[in-house]
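What you see below is based on every heavy atom in this structure, not just the backbone, and it leaves out hydrogens, waters and symmetry mates.
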Number of protein chains: 2
Amino acid sequence: MMNITIADLAKVTGLAKSTVSGVLNNKEGFSAKTRQKVLQAAEKYGYVPNEIARGLSSNSTGSIGLIIKDITNPFYNHMTKGVQEVAEEHGYTVFLCSSGESHQAEIKHIQAMVRKRVDGLVIAPLLEEVSFDHIFALNQKPVPFVLLGKIQGLECDTVEFDDYGGGRQAAELLLESGHTRIGFVRGLSTSRASKLRFEAFADTMRQRGVPIDEKFIFDGAKGLRTASPQVPGWRKQKRRTALPP
Amino acid sequence: MMNITIADLAKVTGLAKSTVSGVLNNKEGFSAKTRQKVLQAAEKYGYVPNEIARGLSSNSTGSIGLIIKDITNPFYNHMTKGVQEVAEEHGYTVFLCSSGESHQAEIKHIQAMVRKRVDGLVIAPLLEEVSFDHIFALNQKPVPFVLLGKIQGLECDTVEFDDYGGGRQAAELLLESGHTRIGFVRGLSTSRASKLRFEAFADTMRQRGVPIDEKFIFDGAKGLRTASPQVPGWRKQKRRTALPP
DNA sequence: TTGTACGCGTTATCAG
DNA sequence: CTGATAACGCGTACAA
């Protein structure tokens, strides 16, 4: 029950490999008879083109890599959905890799994607308290990539968020509603988003002359407990379900 | 800035391709000097093995395909996380495909995965009101797969859920708490899980002699609105965030 | 210990 | 219009 190849098809139809390949790729210039023969044989034997082989000669794989932190985080799974929809529209498939907030995992995944010769990469990297050597190294390679967040001194495509602005808006909303005892839950120390949002919050509070009570500042939140169903007893299931990165 | 190959390394070191390959694959029987030379050159020129080429001759890709309905559904993203963790432990990478409740998309994705010659496939297929021809066809091919849910007349690996039991338990819990005006929100008609849960609910109600009020039965729920952050304005963003399949 | 030749499945380039 | 042949990058026998 091996996979049938173009050579097999050539043998059974009595044609040459190149002819079979041509017909299968809808090239011009083949007699209707030949076309028929090839197509019928392909159908009959359940021929499925081997994209690995195709990729080797065409030097492209039709795959892109997406490296995120945690697929159970709604921010990332919505983003993944979007990436996937667009990829699909363009005939691409996506490799999903989760770094799980581990710098080592991030490095490993990027290398794996390069080994698999993806046609492109979308990366949501850890942005604080880590080195970016692996990203600079990636930049020396032929594979194009987009980063979620800017890296100092690296000229490349990025998607950025106004985390400072968001933090300010949130603080202002609460202050304008007349609140003064406002708390803040910070995320992991590797999250630049969390850092910026907190800075904005602190700046806004200071500007309005409202003191921050340290009792209400928390650190290292890895997620929000939600009402989401959980896969019961899945290993040491780390919950990390609703906090944007 | 092309990708560097084993042949390039052979050229710059003045060694043979097979020597380079041997060293890179940690084979026995090479002088320390040769080893050094190869490793240094590989490092210097940023050599990254081409898994496409490797896959072509080894007839394996180190990738598995995962076909689910919607990655923003917590049931599926937790499942995806699990699949991914195990895959990674074994040195595999996963292709993520979302069928989005479309039978056509499911078929298309399965074919794409076969073309990409994944080493295996995990599929959460639509189970009601659809044909299974594509699954039977898949079963004729060399690629192993696991299904979420059983298909009549198909001998293959499956993972199953006790949806009927769950529906019964839920009904019993409410009845035993003294409730009688109980509603039920059914999912899509292609969801067997939803169908079975409703049957269990209806059976339980009947057995207890509690009448079902049709006013409280709803159909076609595609998701639960949650407090999850949304990617704002992402196309016609269909929300489908928290209902198990 | 090292080098050569072939196969993996496709595509592309030439001849016929 | 069709057929032979050479890449593509790697592994793996086999030979030197």
Side-chain angles (χ1 to χ4, degrees), chain A residues 2-39 41-42 45-63 91 112 114-119 141-143, chain B residues 1-39 41-42 45-63 112 114-119 141-143:
Chain A
M2 275 289 293
N3 264 311
I4 183 141
T5 77
I6 235 172
D8 299 330
L9 253 32
K11 201 167 293 170
V12 300
T13 56
L15 298 163
K17 285 198 303 182
S18 51
T19 309
V20 176
S21 170
V23 171
L24 257 21
N25 288 294
N26 279 317
K27 303 260 168 169
E28 306 276 301
F30 293 99
S31 71
K33 235 189 300 181
T34 303
R35 214 168 211 101
Q36 269 290 326
K37 237 192 318 191
V38 172
L39 263 21
Y45 294 99
Y47 168 77
V48 182
N50 184 333
E51 295 221 344
I52 298 303
R54 192 199 300 258
L56 186 57
S57 64
S58 75
N59 201 29
S60 83
T61 53
S63 315
V114 178
R115 280 199 304 272
K116 289 197 187 281
R117 294 294 190 269
V118 290
D119 291 343
K141 302 210 170 295
V143 51
Chain B
M1 210 178 53
M2 275 289 294
N3 265 311
I4 183 141
T5 77
I6 232 172
D8 299 329
L9 254 31
K11 201 166 294 173
V12 299
T13 56
L15 297 164
K17 283 197 304 181
S18 57
T19 309
V20 176
S21 171
V23 171
L24 258 20
N25 288 291
N26 279 316
K27 302 261 166 168
E28 305 275 302
F30 294 100
S31 71
K33 235 188 302 180
T34 303
R35 216 170 211 100
Q36 269 290 325
K37 238 193 315 193
V38 172
L39 263 20
Y45 295 99
Y47 170 76
V48 182
N50 184 332
E51 294 220 343
I52 297 304
R54 191 200 301 260
L56 187 58
S57 56
S58 74
N59 203 27
S60 82
T61 54
S63 315
V114 177
R115 281 200 303 271
K116 289 200 187 279
R117 294 294 189 270
V118 290
D119 291 343
K141 303 211 169 294
V143 50

query: Taking it one step at a time, do T61(B) and I52(B) satisfy side chain to side chain contact (heavy atoms under 4.5 Å, CB included)?
result: CA-CA 7 Å; T61(B) 54; I52(B) 297 304; over 6 Å; no
Sidechain-backbone polar pair: T13(B) side chain, V38(B) backbone, donor-acceptor under 3.5 Å: no
query: If each of I52(B) and A16(A) is mapped to the nucleotide of DNA chain D with the nearest heavy atom, which maps nearer the 5' terminus, i.e. the 5' end?
result: A16(A)
- request: With heavy atoms under 4.0 Å as the rule, sort I6(B) into base, sugar-phosphate or nothing.
  value: sugar-phosphate
field: Short side-chain to backbone donor-acceptor contact, N25(B) and K27(B), under 3.5 Å
entry: no
- request: Please round to the nearest 0.5 Å and tell me the distance separating atom CG of L39(B) and atom CG of L9(B).
  value: 9.5 Å
message: Is there a side-chain contact between Y47(A) and the phosphate of dT10(C), meaning an N or O under 4.0 Å from OP1 or OP2?
response: yes
field: Of residues 20-28 of chain B, the positions that come close to DNA chain D - non-hydrogen atoms, cut-off under 4.0 Å
entry: S21(B), N25(B), K27(B)
- prompt: In whole angstrom, what separates L56(B)'s CG from dT11(C)'s P?
  reply: 12 Å
field: Protein-nucleotide distance (L9(A), atom CG; dG3(D), atom P), rounded to Å
entry: 14 Å
message: Please report the end-to-end axis angle for the helix from dT1(C)-dA16(D) to dG16(C)-dC1(D), five pairs per end, rounded to 10 degrees.
response: 50°
- prompt: Which sits closer to the 5' end of DNA chain C, G29(B) or K17(A), going by the nucleotide each is nearest to?
  reply: G29(B)
task: Could you go through the side chain to side chain contact (heavy atoms under 4.5 Å, CB included) check for T34(B) and T19(B) one step at a time?
output: CA-CA 8 Å; T34(B) 303; T19(B) 309; 3.6 Å; yes
field: S21(B) side-chain N/O to K17(B) backbone N/O, donor-acceptor pair under 3.5 Å
entry: no
query: With respect to the side chain of N50(A), which nucleotide from dG3(D), dT10(C), dG7(C) is positioned closest?
result: dT10(C)
- prompt: Hey, is the main chain of G62(A) close enough, under 3.5 Å, to the side chain of K116(B) for a donor-acceptor pair?
  reply: yes
- request: Whole angstrom is fine here: how far is it from CG in N3(B) over to C1' in dC10(D)?
  value: 14 Å
- prompt: Per the atom types in the model, does the base of dA4(D) pair as donor or acceptor with the side chain of S18(A) at under 3.5 Å?
  reply: yes
task: Let me know the distance between CD of E51(B) and C1' of dG11(D), rounded to the nearest Å.
output: 13 Å
field: d(CD, Q36(A); P, dT2(D)) in whole Å
entry: 13 Å
- prompt: Which nucleotide, dT2(C), dG9(C), dG9(D), lies nearest any side-chain atom of T5(B)?
  reply: dG9(D)
- prompt: Do T34(A) and dT2(D) have a side chain to base donor-acceptor pair shorter than 3.5 Å?
  reply: no
field: V23(B)/L15(B) under side chain to side chain contact (heavy atoms under 4.5 Å, CB included): CA gap, chis, key distance, verdict
entry: CA-CA 11 Å; V23(B) 171; L15(B) 297 164; over 6 Å; no
message: Quick check: any donor-acceptor pair below 3.5 Å linking the side-chain of S58(B) to the base of dG11(D)?
response: no
field: Nearest-0.5 Å distance that lies between atom CG in L56(B) and atom OG in S57(A)
entry: 9.5 Å
task: Using a heavy-atom cut-off of under 4.0 Å over every strand shown, decide if L15(B) touches base, sugar-phosphate, or nothing.
output: sugar-phosphate
query: Is the distance from OP1 or OP2 of dG9(C) to the nearest side-chain N or O of R54(A) less than 4.0 Å?
result: no
task: Kindly indicate, with the supporting measurements, whether the criterion side chain to side chain contact (heavy atoms under 4.5 Å, CB included) is fulfilled by V12(B) and Y45(B).
output: CA-CA 10 Å; V12(B) 299; Y45(B) 295 99; 4.0 Å; yes
query: Mapping S31(B) and A53(B) onto DNA chain C by nearest heavy atom, which one lands closer to the 5' end?
result: S31(B)
